[in-house]
Amino acid sequence: MMQALQESDLRAFVESVSHFFEHSSGDGADVRSAYLAEPDQELPHYDYTGIVDVSGGWRGALYFSAPGGLLSHLLLIAGAHQYGEEDHLDLVGEIANTFSGRARRELGEALEISVPRRCRGVSIRTSSASRPYVIPLTWRGYAAQVVVDLHSER
Amino acid sequence: MRLLIVDDSSVIRSRIARIAQHPDLSPIEVVGLARHGEEAIGMCSRHRPDVVTMDLTMPNMDGLACIQGIVKISGMARILVVSALSDKRTALKALTYGAHGYIHKPFTDAELVAGLQELVKD
């Protein structure tokens, strides 16, 4: 039987997002309350989106969508003084991968994650299987969002 | 010390290469930057690195398979896993397959320096 992601499971992703910004920059992100989006719906997105497909005990995908300014800021913090479009795409995928990988601390190996896909300007269309959670955040004045579109076969 | 960096992210490869020049570390020569496990195996055969930093989630050949391959062809190389995968079972698997250390992404410069120091202190 298909089961939607529970709020307790969602906490693993919220913690991943908070930990990433705090640990990468020393500045925590303002992670606002997650909300449930409708299934089979187009969601707002920013300049770049990283997508990690999930299989195993969980099915679906995790999206991280961010503006170029946020990614440039993180690249500078990481010591990259010259960067361009390819670096933004690389980083947005890496961040989506990092969020998913850390969530395995709570959700375990059943959260099998793919190599990230990286897109520029592609809209996020949620699956028709379940209602995804949207986690809006702000970091150093930049708005971004994580979409957790998962269900389990438990 | 000869270092091979294995990660599918060019941003992470560049960052590790930069941190490897940290003054607290013994001089390090970066002998290769590999985008996935297959490329890493080839570079390992050619360059015989002393130390390898290894991502786990990569295309073509993932890090766990790559660790096993490197142990076969270059048993003296010391491998530091640098991965976002944070569950204990994956870390244990990597260490069982032949990795010598494991640090989680996101990592700070200081964490990577400490990880590399720990790896080569013996």
Side-chain angles (χ1 to χ4, degrees), chain A residues 12-13 15-26 29 50 52-54 56-57 62 64 71-72 74-118, chain B residues 5-23 30 33-39 53-66 81-94 96 102-115:
Chain A
F13 292 96
E15 193 276 336
S16 294
V17 174
S18 300
H19 177 266
F20 176 86
F21 287 99
E22 178 67 41
H23 205 71
S24 301
S25 68
V52 171
D53 295 309
V54 173
L62 175 137
F64 172 60
L71 299 169
S72 297
L74 283 171
L75 284 163
L76 283 169
I77 288 171
H81 298 297
Q82 290 183 320
Y83 49 82
E85 168 115 342
E86 281 304 312
D87 299 302
H88 287 138
L89 283 164
D90 185 283
L91 183 59
V92 81
E94 185 62 20
I95 295 172
N97 176 61
T98 304
F99 291 164
S100 311
R102 186 168 173 89
R104 281 169 53 121
R105 184 179 291 237
E106 296 298 326
L107 302 179
E109 282 182 306
L111 192 78
E112 287 179 22
I113 63 178
S114 73
V115 173
R117 291 182 282 134
R118 296 135 166 140
Chain B
I5 299 168
V6 188
D7 202 299
D8 64 332
S9 162
S10 61
V11 168
I12 298 292
R13 290 195 302 272
S14 301
R15 181 162 176 233
I16 293 175
R18 180 181 59 75
I19 296 171
Q21 306 311 313
H22 194 282
V30 178
L33 302 167
R35 295 165 298 176
H36 50 72
E38 275 181 16
E39 204 168 58
T53 64
M54 178 68 65
D55 188 15
L56 293 183
T57 308
M58 295 182 291
N60 296 355
M61 180 192 284
D62 70 21
L64 290 175
C66 188
V81 174
V82 182
S83 173
L85 301 182
S86 298
D87 58 293
K88 285 182 185 159
R89 282 175 63 94
T90 300
L92 196 58
K93 251 187 221 173
T96 304
Y102 198 110
I103 67 173
H104 300 295
K105 294 176 182 175
F107 57 88
T108 61
D109 290 13
E111 284 168 341
L112 184 65
V113 168

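Residue numbering restarts at 1 for every chain, and letters A, B, ... go by the order of the sequence lines.
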Residue B:Arg18 excluded, over 12 heavy atoms near CZ under 6.0 Å: yes
Sidechain-backbone polar pair: B:Ser86 side chain, B:Ala84 backbone, donor-acceptor under 3.5 Å: yes
Toward chain B: residues of residues 77-84 of chain A with heavy atoms under 4.5 Å: A:Ala78, A:Gly79
Salt bridge present between A:Glu94 and B:Lys105 (N-O < 4.0 angstrom): yes
Heavy-atom contact with chain A under 4.5 Å, split by part of B:Ser14: neither
Minimum heavy-atom distance between A:Leu111 and A:Ser100, given as atom pair plus value: CD2-O, 3.5 Å
Within 6.0 angstrom of A:Arg105 CZ, more than 12 heavy atoms from elsewhere: yes
Trace of the side-chain hydrogen bond (donor to acceptor under 3.5 Å, both in side chains) decision for B:Thr108 with A:His23: CA-CA 7 Å; B:Thr108 61; A:His23 205 71; 4.9 Å; no
Shortest non-hydrogen contact between A:Arg118 and A:Leu89, atoms and distance: CG-O, 3.0 Å
Choice from A:Leu91, A:Asp87, A:Asp90, A:Val115 maximising heavy atom contacts with chain B below 4.5 Å: A:Asp90
Under 4.5 Å from a heavy atom of chain B, the part of A:Ile113 involved: both
